[in-house]
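A short worksheet on the structure shown next.
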Amino acid sequence: MSACVPTRATDPSDPHRASHLHPPHSPPPTPPRRFRLASADVSASIAVFLIALPLSLGIALATGAPLQAGLVAAAVGGIVAGRLGGCPLQVSGPAAGLTVVTADLIHRYGWRTTCAITVLAGVVQLGLGCLRVARTALAVSPAIVHGMLAGIGITIAVAQLHIVLGGTPQSSVLDNLRALPAQLARVQPAAVSVSALTLTLLFLWPRIPGRAGLLLRRIPAALVAVAGATTTASLTGLVLPKVDLPSWSSHALAGLPEGPALGLVAAVLTTTLVCSVQSLLGAVAVDKLAAGRPDLLAGGPGSGRGARVGRSDLDRELLGQGAANIVSGALGGLPVAGVAVRSSANVQAGAVSRNSTMLHGVLVVIAALLMVPVLEFIPLASLAALVMAVGIQMVSLHHIRTVTRHREVLVYAVTTFGVVVFGVLEGVTLGIAVAVGVSLHRLTRTRITHHERDGVHHVHVRGQLTFLAVPRFSRALHLVPQGADAVVELDGSFMDHAAYESLQDWQKTHTAQGGSVELTGRSPGTSIAEPSGAADCRCRPWTAWRNHQCELPRPAAASTPTWSAVSDTGTLGAAGAATAAVSPGPSGASGASGMSGASGASGASGASGASGASGENGGPDEGGRPGRPGGSGEMGDSSGPTGSSGPGGPGTSRGPAGSSGPLAPAGSGGHELARGISAFQRNTAPIVRGELARLAREGQQPAQLFLTCADSRVVTSMITSSGPGDLFVVRNVGNLVPLPGEESGDDSVAAAIEYAVDVLKVRSITVCGHSGCGAMQALLDSEPGGARTPLRRWLRHGLPSLERMADDSRAWAKLAGRASADAVEQLCLTNVVQQLEHLRAHDSVARALRDGELELHGMYFHVGEAQAYLLTEASSEGVFDRVTDADGLRSPV
């Protein structure tokens, strides 16, 4: 009987059971959900409220709007956007990035029309959300976004400086700058003193040291600054302009828009653009902050029932922001957008759901109704100083360094200049135009050179080869004499159809006239038989694969193992986990002891490519079973609860109990192995067959010896983007290199080192450790006098690493400038450094290092982060630094 069929039939006539029936093949009815307010949400909402209250008033003051409009926007942003938005932890409200836009609208059209523009902008946001184009907004260059925010920040700071000095700001930045000398001549001491006290408290409060500072810093600095300045002004009797909140009965609501149609359309589009881009980028930033809290990840470790926050739904977030702007504008509030300061405070305060955002909005409503007498004590100079500080912080040095590193500082500078001088929409338009121009310049910047060396004509193309470069490319090709040998090196990643035809026509003509043409890729000796990407091209990574283990292993059937060929049906008489236990490579190298005959990547380069793709897309996999939707792609989780193998490839599949043997009978791990081989033969073999045929003819010529751990989560081909013939791989438990003379009958590692250096003439050796290494954990847990098992006898080669870590006179190796997470990680790093010293003790390695023919490199692979680190300092210990996009290793050790 199927497990899905109930063992007892239910009588439909039974009145007690009839109410519990539901249609077949449908999910059971969802029980009614009870509203629960977590204590973490309550505390987080209070923290956000204390930040939002003074900032909302300050932003309203900076725009020239009624001060109550800031409170309305804060309340609506919290309640409406918090309830309907797609980013549960993002806090919306009046944002500093909208200050310049709103101030300009109020100056041009008046307050009631500005409210109507806010409503129309919300309607446009709703339309964009329904069209599901939210991701398109993220296509805007970050340099433009950061430049826009910097320009707005400069505009805010210059305008608020006049209020800080006791004056009144002008309508534009240039007018404010021209009026600044006269304002400095009539400074109001009371306003300056209150502003100075506000700024002092704002910047010094987060820097209070000690345990007391740790407690005091829980109170937001903005609240402390405004409250301190207000209390001081009241106690000293300073006469200053203060907050004036008129009765809510006289609060101005939205009216019909009045003004030129084109101007109103431009105003709506500008408000929509700024609100949408800032909110969507803020949602992405909140996702990154939430990723640092495991308790927020759905199904994360230790999350239990509290896992209720997933990734942001950007289209829903746009709908929520549109609804909030409609409500805020209709009620006479400022435009609403996601606010980075409040959102980060919400996440850091421990919020676990959207209830914290909504409760913060409720608290703003209560404050607006009940705390009006208290709010009217706040000096305007204190709010101006607070907003001026926010404006200054919007000019981020970190953003400037980032755009400079990515060579987009021109886009950033032009956008900032345009926003400051002309306005937000004009500045963004200028930035987009410059960004497009820079992209076209990079696309068309192709360097083509021709030179002759030893009778061979070399044409070198550096950059993208498009139709714009075809005339220069054709001239360079025709400099090659008829019948001469030519080498065309294409050092780029793109070639359009016009360039391809030009190259093919010249190649056919030149070869017909008795000449020879060799097309090469990025590195010398990399042959490209066809520019369209033939099998001989080794410039691209091999087929990616994910989610190739999506099924529980089937029970093993008792049978006599027999060998049979693998077909596309995925059947195998018997699969061997040690199929190539001893397989001589093309040059006679044995595959024993983890040594790869042709490549350390050949077996994994295409493992289960089809099933990985289907799991990623949520479709059926090889056997017709539904794939896991979305695909995890978490290569670190190689050994699941079923005991199935990880990315180490099908060749390491296990039986139902997680055990592996020399031969796995059909029906157990052999089924998974057969499916993997079948997928390789169908999808990957046609791609790599030409390359493997060349390696079979010419023999292996790897450039590197890669010595790493036998852990199934460390996939050498994946983390090095290598293919067949690239790596000579040695794997053992703990990536250990025994010192010469201490092998005690096991010379496999020393033999592999000698063969790689003396016979294969590798140019580098890399020792790669990894996070969560079981061998290092066993070393830490080992006790003297235990049983001398084979594993313990092998791990004695790691004792020098343990002693090195315990030596107080040595500095510990560091990982990207930070301390190790725990003792196991520290031992993993130390072990890499120690094994490099063991390598230098081998005669073949020492001789090659002396002659300058070999380099040694240390590497650490963090499985959970999918991040590689290289040992970059040639010191006694060194620092493992994060690998960037730069080609090659930074410095040998």
Taking [Y]'s backbone N and O only, do any of them form a donor-acceptor pair with [X]'s side chain (distance below 3.5 Å, no angle check)?
{"X": "Asn325", "Y": "Thr118", "answer": "no"}
{"X": "Ser343", "Y": "Val339", "answer": "yes"}
{"X": "Asn176", "Y": "Pro169", "answer": "no"}
{"X": "Gln188", "Y": "Gly167", "answer": "no"}
{"X": "Thr200", "Y": "Ala196", "answer": "yes"}
{"X": "Ser396", "Y": "His398", "answer": "yes"}
{"X": "Arg407", "Y": "Val403", "answer": "no"}
{"X": "Ser328", "Y": "Ala324", "answer": "no"}
{"X": "Thr415", "Y": "Gly147", "answer": "no"}
{"X": "Arg354", "Y": "Gly85", "answer": "yes"}

Point to revise | Whether over 12 other heavy atoms sit under 6.0 Å from Arg445 CZ | key: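 Result for CZ/Arg445: open.
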Review point. Got more than 12 heavy atoms from elsewhere within 6.0 Å of CD, Glu426?
Key: yes
Would you say [X] and [Y] make side-chain contact, with heavy atoms under 4.5 Å?
{"X": "Asp496", "Y": "Leu465", "answer": "no"}
{"X": "Gln160", "Y": "Ile156", "answer": "yes"}
{"X": "Cys115", "Y": "Tyr109", "answer": "no"}
{"X": "Leu199", "Y": "Met388", "answer": "yes"}
{"X": "Val364", "Y": "Ser56", "answer": "no"}
{"X": "Ile144", "Y": "Ile432", "answer": "yes"}
{"X": "Leu319", "Y": "Leu84", "answer": "no"}
{"X": "Leu397", "Y": "Ile400", "answer": "yes"}

Practice item. Give me the one residue out of Asp104, Ile106, Leu105 that meets side chain to side chain contact (heavy atoms under 4.5 Å, CB included) with Arg108. Key: Asp104
Check your understanding: Looking at Leu410, Thr416, Val411, which hits side chain to side chain contact (heavy atoms under 4.5 Å, CB included) with Val414?
Key ->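 When Leu410, Thr416, Val411 are each tested with Val414, the side chain to side chain contact (heavy atoms under 4.5 Å, CB included) holds only for Leu410.
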Where do [X] and [Y] come nearest, in terms of heavy atoms and distance?
{"X": "Ala229", "Y": "Leu197", "value": "CA-CD2, 3.9 Å"}
{"X": "Leu468", "Y": "Pro471", "value": "O-CD, 3.7 Å"}
{"X": "Pro257", "Y": "Thr113", "value": "CA-CG2, 3.8 Å"}
{"X": "Ala81", "Y": "Gln321", "value": "CB-NE2, 4.2 Å"}
{"X": "Arg342", "Y": "Pro94", "value": "NH2-O, 2.8 Å"}
{"X": "Leu383", "Y": "Pro54", "value": "CD2-O, 3.6 Å"}

Can you measure from [atom1] ([X]) to [atom2] ([Y]) and round to the nearest 0.5 angstrom?
{"X": "His162", "Y": "Leu177", "atom1": "NE2", "atom2": "CG", "answer": "7.0 Å"}
{"X": "Leu53", "Y": "Ile378", "atom1": "CG", "atom2": "CD1", "answer": "6.5 Å"}
{"X": "Thr446", "Y": "Arg472", "atom1": "OG1", "atom2": "CZ", "answer": "6.0 Å"}
{"X": "Ser195", "Y": "Leu380", "atom1": "OG", "atom2": "CG", "answer": "10.0 Å"}
{"X": "Cys130", "Y": "Asp315", "atom1": "SG", "atom2": "CG", "answer": "9.5 Å"}
{"X": "Ile326", "Y": "Leu120", "atom1": "CD1", "atom2": "CG", "answer": "9.0 Å"}

Are side-chain N/O atoms of [X] and [Y] paired as donor and acceptor at under 3.5 Å?
{"X": "Asp287", "Y": "Ser312", "answer": "yes"}
{"X": "Gln125", "Y": "Ser276", "answer": "yes"}
{"X": "Ser356", "Y": "Asn346", "answer": "yes"}
{"X": "Ser382", "Y": "Thr198", "answer": "yes"}

Check your understanding: So Ser279 and Leu318, side-chain contact (heavy atoms from CB on, under 4.5 Å) or not? Walk me through it.
Key -> CA-CA 8 Å; Ser279 300; Leu318 201 55; over 6 Å; no
Exercise for review: Could you walk me through whether Val428 and Leu273 pass the side-chain contact (heavy atoms from CB on, under 4.5 Å) test, one step at a time?
Suggested key: CA-CA 10 Å; Val428 170; Leu273 172 67; 3.9 Å; yes
Exercise for review: Take Val461 and Glu489 through the test side-chain contact (heavy atoms from CB on, under 4.5 Å) and record every step on the way to the result.
Suggested key: CA-CA 6 Å; Val461 181; Glu489 184 176 349; over 6 Å; no
Exercise for review: Verify side-chain contact (heavy atoms from CB on, under 4.5 Å) between Tyr412 and Thr404, making sure each step is shown before the conclusion.
Suggested key: CA-CA 9 Å; Tyr412 178 91; Thr404 302; over 6 Å; no
**Study point:** Aromatic ring pairing His399/His146, orientation class (parallel under 30°, perpendicular over 60°, tilted between)
**Key:**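 Ring orientation, 0 to 90° scale: parallel.
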